[in-house]
There are 2 protein chains.
Amino acid sequence: MKDPVIKVTKFTLKRLPHYYRFVSTCLDKGLQFISSEEIAKGVQINAVQIRRDLMMFEAIGTPGVGYSVEELHSKLGEVLGLKNVNEAVIIGIGRLGRAIIDYPGFERYGLKIVGLFDSDPGVIATKINGKEIFAVDELEHIVGRLHIKIGIITVPDEWAQSVADTLIKSGVKAIWNFAPVDIRVPEDVVVRNEDLAAGLATLCHLFAGKSSDGFH
Amino acid sequence: MKDPVIKVTKFTLKRLPHYYRFVSTCLDKGLQFISSEEIAKGVQINAVQIRRDLMMFEAIGTPGVGYSVEELHSKLGEVLGLKNVNEAVIIGIGRLGRAIIDYPGFERYGLKIVGLFDSDPGVIATKINGKEIFAVDELEHIVGRLHIKIGIITVPDEWAQSVADTLIKSGVKAIWNFAPVDIRVPEDVVVRNEDLAAGLATLCHLFAGKSSDGFH
DNA sequence: TAGATTGTTAATCGATTAACAATC
DNA sequence: TAGATTGTTAATCGATTAACAATC
């Protein structure tokens with residue numbers, strides 16, 4: 001019998017990490033149950049929306065009582081694919097790469113960075129947090145042998161696509177790209193282009209809008 | 001006469017930075033005109049969608065010819081609020097903070113980080129790229145005096161909200177938060193919570209979905 | 001003119017919200 | 001039972017797509 005793949009819309013999916021984070025803190029506090037209203041306050045999302053989103057697990061809540069914190073936490077983690085530790089490699093050990101390597105939020109999500117790569121002879125063979133940095137030339141070899149499925153790209157724009165291609169050739173199925181270019185991948189590979197500058201542009205626009213509105 | 005505030009939906013806004021980036025490269029290549037089809041290929045978004053999005057500037061394109069690269073570039077930059085340089089401060093000079101300080105995509109968007117702050121006596125008064133790091137205690141004073149409107153938060157979770165409060169009190173109107181918590185702000189302040197771990201969670205889910213699908 | 005491509009209207013699709021019956 | 005809160009259905013809202021007339 002195969003696992004029923006839980007279908008979630010793109011939009012629901014975006015909200016899940018927030019629920020997960022909030023529910024995690026509730027768990028830490030030792031709470032037993034929470035209502036959709038309480039979650040709503042915690043994550044600033046409409047309570048109806050939340051109930052709707054949580055409907056993907058059938059009948060996980062108890063009317064009149066709320067949701068079991070523990071169960072909800074566990075289910076959310078499962079849907080988000082955080083149950084098993086995911087091993088990843090990171091390519092590009094500049095400042096951004098280093099920041100990612102010890103970004104605090106990741107452990108909770110079970111991400112384990114097991115391979116560090118760079119092309120700069122000056123950093124190759126040095127260590128970060130006890131992990132050695134390898135030459136990019138070895139990327140294909142190592143990724144293939146360790147059966148790594150996730151690659152994190154923190155190299156300059158002009159290298160990003162070619163690094164991605166190498167990763168894919170080596171069997172990587174999920175790419176998290178921080179270079180400010182849109183990476184092309186085949187159908188069976190998922191990619192997330194995390195363009196920080198785009199986030200900035202969005203913020204600037206909202207800001208510009210607000211400030212001109214202010215004068216009317 | 002006041003500037004007509006161009007209304008853009010949340011979704012259009014998310015696509016604009018991509019257009020902007022692509023059009024920038026066309027400009028660099030010296031192209032005169034591009035069609036919505038060409039942009040579509042470049043950014044992997046439906047051409048109709050693009051035309052629809054670009055309708056916010058009235059009649060900027062020429063039927064049968066396309067859009068003037070130069071004009072489009074300039075208009076997009078304007079809408080995104082990138083015309084004037086935006087000065088910002090950053091609080092939290094850890095690895096992430098340092099990565100942000102020299103992330104390559106930002107200059108193009110006119111972001112200028114003019115103040116660096118941290119609470120660690122070990123880094124206060126040291127310099128990065130020639131810019132001195134100040135004590136957080138001076139944040140309110142300096143931000144207020146320089147009339148800074150944008151604050152970037154790269155401190156640990158537990159400090160994020162309080163730093164945000166200080167920023168707001170000092171007159172900051174836009175906050176870009178990298179700490180993995182949702183920051184609360186008053187109505188007249190815009191905030192963008194850039195939770196990297198949430199991005200990871202999204203990627204993991206997509207990945208998990210793909211891999212189980214693969215077996216059917 | 002003929003060909004290309006825009007701007008716009010109408011049709012479709014999907015997400016959010018409101019209302020409420022079912023359940024503890 | 002009465003009160004609370006879920007799960008679900010129906011109504012609304014907004015975004016995307018398709019079709020095409022207008023324009024260069």
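By convention in this document, chain letters (A, B, ...) are assigned in the order of the sequence lines, proteins followed by strands, and residues within each chain are numbered from 1.
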Without decimals, in angstroms, what is the distance between [X] [atom1] and [N] [atom2]?
| X | N | atom1 | atom2 | value |
| --- | --- | --- | --- | --- |
| A/Phe33 | D/dG3 | CZ | C1' | 17 Å |
| B/Lys10 | C/dA15 | NZ | P | 12 Å |
| B/Ile50 | D/dA18 | CD1 | P | 14 Å |
| B/Phe11 | C/dC13 | CZ | C1' | 13 Å |
| A/Lys14 | C/dT16 | NZ | P | 10 Å |
| A/Asn46 | D/dC13 | CG | P | 15 Å |

Could you list all N or O pairs between the protein and nucleotides 4-10 of chain D that sit under 3.5 Å apart?
| unit_1 | atom_1 | unit_2 | atom_2 | d |
| --- | --- | --- | --- | --- |
| D/dT5 | O4' | A/Gly64 | N | 2.9 |
| D/dT5 | O2 | A/Gly64 | N | 3.3 |
| D/dT6 | OP1 | A/Ser36 | N | 2.7 |
| D/dT6 | OP2 | A/Ser36 | OG | 2.6 |
| D/dG7 | OP1 | A/Ile60 | N | 3.2 |
| D/dG7 | OP1 | A/Gly61 | N | 2.9 |
| D/dG7 | OP1 | A/Gly61 | O | 3.4 |
| D/dG7 | OP2 | A/Tyr67 | OH | 2.9 |
| D/dG7 | N7 | A/Arg51 | NE | 3.1 |
| D/dG7 | O6 | A/Arg51 | NH2 | 2.8 |

Next on the checklist: Applying a 4.0 Å non-hydrogen cut-off, can you work out what B/Thr9 is touching in the nucleic acid: base, sugar-phosphate, or nothing?
Outcome noted: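 B/Thr9: backbone/sugar contact only, no base atoms under 4.0 Å.
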[X] (side chain) donor-acceptor with [Y] (main chain) under 3.5 angstrom:
| X | Y | value |
| --- | --- | --- |
| B/Glu38 | B/Ser35 | yes |
| A/Asn193 | A/Asp195 | no |
| A/Asn177 | A/Ala179 | yes |

Item to check | Euclidean distance, A/Ile39 CD1 relative to A/Cys26 SG, rounded to 0.5 Å | outcome: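 A/Cys26 SG to A/Ile39 CD1: 7.5 Å, rounded to 0.5 Å.
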Checklist entry - Do the side-chain N or O atoms of A/Gln49 get closer than 4.0 angstrom to the phosphate oxygens (OP1, OP2) of C/dA15? => result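 It does not, given that no N or O in the side chain of A/Gln49 lies less than 4.0 Å from OP1 or OP2 of C/dA15.
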Checklist outcome for this item: Scanning all shown strands, the Watson-Crick or wobble mate of D/dA15 with both distances under 3.5 Å is C/dT12
Item to check | Any-strand Watson-Crick or G-U partner of D/dC20, both distances under 3.5 Å | outcome: C/dG7
Checklist entry - Would B/Trp159 and B/Phe117 satisfy ring pair (Phe, Tyr, Trp, His ring centres under 6.0 Å), going step by step from the backbone distance to the final call? => result CA-CA 13 Å; B/Trp159 292 91; B/Phe117 296 86; over 10 Å; no
Checklist entry - B/Gln49 and B/Arg15: side-chain donor and acceptor closer than 3.5 Å? => result yes
